[in-house]
Amino acid sequence: MPQQSDFFKDVYDVVRLIPEGRVTSYGAIAKYLGSARSSRMVGWAMNAAHSIPDVPAHRVVNRKGLLTGKMHFGEPDRMENLLKAEGVLVKNDKIIDFEKHFWDPMQELVL
DNA sequence: CCATTGACTTAAG
DNA sequence: CCTTAAGCCAATG
């Protein structure tokens, strides 16, 4: 069993804390972890998140609210399907009213 | 060990 | 909003 880096672990922690019907961005998580420009690593962490059962990676999208990682969910429609099931409207692989559903760990956790 | 890639972001035009 | 360019860093070839 590979022991994940602290960075990955923190990413998973934050992602797990995302409330239902809310979404956040890779950059927001990266920023919360102190590396605002390591958003790619957050993406890589999500890539490795397949081994983690309770990491709702579908709630993490890019800064435009685009479902960039939907193709990594086994089925291409899995991600947007999960989001819709939580009340997040998705159109053309993009989250509608993204800012309205946006959940910023900086703002919500570090008050 | 070097080169390329990638679920990204920001800044500037 | 779109395009370029640059930064970031693990994983892969």
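Below, read A as the first sequence line, B as the second, and so on, with proteins coming before strands; counting in each chain starts at 1. It should be emphasised that the depicted structure is a prediction, and the values quoted were computed from it without experimental measurement.
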Check: Sequence neighbours excluded, which residues qualify as salt bridge (Lys or Arg N to Asp or Glu O under 4.0 Å) partners of A:K84?
Finding: A:E80
Margin query: When you compare the side chain of A:L33 with that of A:V11, does any pair of heavy atoms fall below 4.5 Å?
Written below: yes
Notebook entry, point to check: When all nucleic acid strands are considered with a 4.0 Å heavy-atom cut-off, which category describes A:H58: base, sugar-phosphate, or nothing?
Noted result: nothing
Checklist line | Whole-Å distance separating the CG atom of A:L67 from the C1' atom of B:dA7 | finding: 10 Å
Checklist line | Atom pair distance, as rounded to whole Å: CG in A:N62 and C1' in C:dC1 | finding: 14 Å
Next item on the list: Give the rounded distance in Å between these two atoms: CG of A:L66 and P of C:dC1.
Entry: 11 Å
Notebook entry, point to check: Starting at the 5' end of DNA chain B, which residue's closest nucleotide do you reach first, A:M46 or A:K31?
Noted result: A:M46
Margin query: For a quick check of understanding: with a heavy-atom distance under 4.0 Å over all strands, which category does A:A57 fall into, base, sugar-phosphate or nothing?
Written below: base
What are the atom names and distances for every N/O pair under 3.5 Å that joins the protein to nucleotides 8-10 of chain C?
none

Notebook entry, point to check: CZ of A:F7 versus P of B:dA7: gap in Å, rounded?
Noted result: 16 Å
Notebook entry, point to check: Atom CG of A:N92 to atom P of C:dC1: distance rounded to whole Å?
Noted result: 13 Å
Margin query: Is the shortest side-chain heavy-atom distance between A:R16 and A:D54 below 4.5 Å?
Written below: yes
Note to self: Taking the basic N atoms (NZ, or NE/NH1/NH2) and the acidic carboxylate oxygens, is any pair closer than 4.0 Å for A:R22 and A:E86?
What the structure shows: no
Margin query: Between P on B:dA7 and OH on A:Y12, what's the gap in Å once rounded to a whole number?
Written below: 15 Å
Notebook entry, point to check: When the distance from NZ of A:K70 to P of B:dG6 is rounded to whole Å, what number comes out?
Noted result: 18 Å
Margin query: So, taking the atom named CZ in A:F73 and the one named NE2 in A:H50, what distance separates them when rounded to the nearest 0.5 Å?
Written below: 7.0 Å
Margin query: Under 4.0 Å, counting only non-hydrogen atoms across every strand here, what does A:N47 touch: a base, just sugar-phosphate, or nothing?
Written below: base
Item checked: Listed once per pair and sorted, the salt bridge (Lys or Arg N to Asp or Glu O under 4.0 Å) pairs that draw on residues 24-49 of chain A, sequence neighbours left out -> none
Next item on the list: Kindly say whether A:G27 contributes a backbone atom to a donor-acceptor pair with the side chain of A:Y32 at under 3.5 angstrom?
Entry: no
Next item on the list: Could you state the atom-to-atom distance from OH of A:Y26 to C1' of B:dT9 in whole Å?
Entry: 12 Å
